[in-house]
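Quick note: numbers below take in every heavy atom, side chains included, and nothing from hydrogens, waters or symmetry partners. This is a predicted model, so every value here is computed, not measured.
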Amino acid sequence: MPLNKVQFISVATNDYLHRWKVLVENVRYDMQNLDWTWVLITDAVADATAFTKSLDLADRIEIRTILPFGFPLASMVRYPVIVDHCDAIGWICYIDADMEIEDPQRLDAEIRSSVEVTVVRHPGFTRPRGISPSLGLSHNIANLALRVTMGGLGAWETRPSSKAFVPRRLRKTYAQAAIFFGPAIQIRELSTQCWSWTEHDLRSGLIAKWHDESYLNCWMSHNTHKVVGPEFCFFDFPWLSKITHPVVRAVDKSKLQI
């Protein structure tokens with residue numbers, strides 16, 4: 001087993017399998033050239049298997065079955081499936097099924113150079129600090145309100161009863177959970193911890209404010225990690241207009257045609 005293995009993993013249940021197909025088809029040649037492998041967790045194994053064979057990627061994509069979970073559970077199970085289905089060598093990159101990789105070479109370089117868990121600054125909260133004319137009145141007011149009520153920009157879990165709770169003093173950088181990566185052993189350790197917190201909350205009848213993302217941000221508040229910019233999870237927000245070369249793009253679901 002090569003020590004420099006890059007493993008991608010995605011969960012694609014229900015209509016998300018179609019979106020994952022679009023994601024993979026767009027990087028089918030890069031998967032070969034960059035020596036990527038992929039683990040897909042889906043409730044439509046036969047459909048996914050036929051698709052991978054049609055692209056001649058059956059040797060690079062490992063397909064595992066899961067129940068047809070809907071939101072939010074489908075997003076929360078990413079942590080146990082990482083532990084159960086990803087190797088502990090090389091690097092792991094979790095990526096949502098509804099993403100587009102626009103610069104595979106740069107993403108590959110960032111993954112392979114990572115020496116610790118790497119998270120992506122949330123594009124929705126990567127806004128200028130203070131009052132900025134570029135934001136407009138509504139977003140300036142929203143910024144001020146978040147800083148006053150939350151202590152920092154982000155959709156933090158504020159209930160101390162939840163294991164995803166982040167104390168106000170630790171609400172620094174807020175990350176999204178659509179893509180994160182790093183050395184395999186560290187991603188597996190992160191996933192083990194986040195799923196332990198998730199199970200504890202579920203047994204207590206709690207669902208964290210933003211599900212998997214809340215636990216990731218809680219983990220960040222207590223552990224060392226690297227943060228990269230929103231070009232690794234780009235969305236067309238006006239305050240990100242200076243980013244001209246996104247690496248990974250979050251698909252605008254309102255424009256999707258399934």
Does the side chain of Val117 come within less than 4.5 Å of Ile187's, by heavy atoms?
yes

Under 3.5 Å, is there a donor on one side chain and an acceptor on the other for Ser162 and Asp201?
yes

N-O pairing of Lys21 and Asp47 below 4.0 Å:
yes

Kindly give the heavy-atom pair with the smallest separation between Met220 and Thr173, and that separation in Å.
CE-O, 3.5 Å

Would you call the rings of Phe125 and Tyr174 parallel, tilted or perpendicular if under 30° counts as parallel and over 60° as perpendicular?
perpendicular

So Thr42 and Thr13, side chain to side chain contact (heavy atoms under 4.5 Å, CB included) or not? Walk me through it.
CA-CA 5 Å; Thr42 184; Thr13 58; 5.6 Å; no

Start with the C-alpha gap between Ile61 and Val24, add the side-chain angles, then the distance that decides, and say whether side chain to side chain contact (heavy atoms under 4.5 Å, CB included) holds.
CA-CA 10 Å; Ile61 299 176; Val24 169; 4.0 Å; yes

What I want to find out is whether Arg249 reaches Asp236 closely enough, with some N-O distance under 4.0 Å, to be called a salt bridge.
yes

Nearest 0.5 Å please: distance from the CG atom of Leu190 over to the CD1 atom of Ile82.
7.5 Å

Are Glu116 and Lys226 close enough for a salt bridge, meaning some N to O gap below 4.0 Å?
no

Decide, yes or no, whether a salt bridge links Glu157 with Lys163 under the criterion of side-chain N to carboxylate O below 4.0 Å.
no

Looking only at side chains, do Asp96 and Tyr16 share a donor and an acceptor under 3.5 Å apart?
no

Looking at Asp35 and Lys5, does any basic side-chain N land under 4.0 Å from a carboxylate oxygen?
no

Ring-ring centroid check Phe165 Trp156, cutoff 6.0 Å
no

Sub-4.5 Å side-chain heavy-atom contact between Val247 and Phe234:
no

ILVMFWY network linking Trp91 to Phe8, side-chain heavy atoms under 4.5 angstrom:
yes

Rounded to the nearest 0.5 Å, what's the gap from CG on Leu170 to CG on Asn217? Could you check?
11.5 Å

Considering non-hydrogen atoms only, spot the tightest contact between Ile95 and Trp38 and give its length.
CG2-CZ2, 3.7 Å

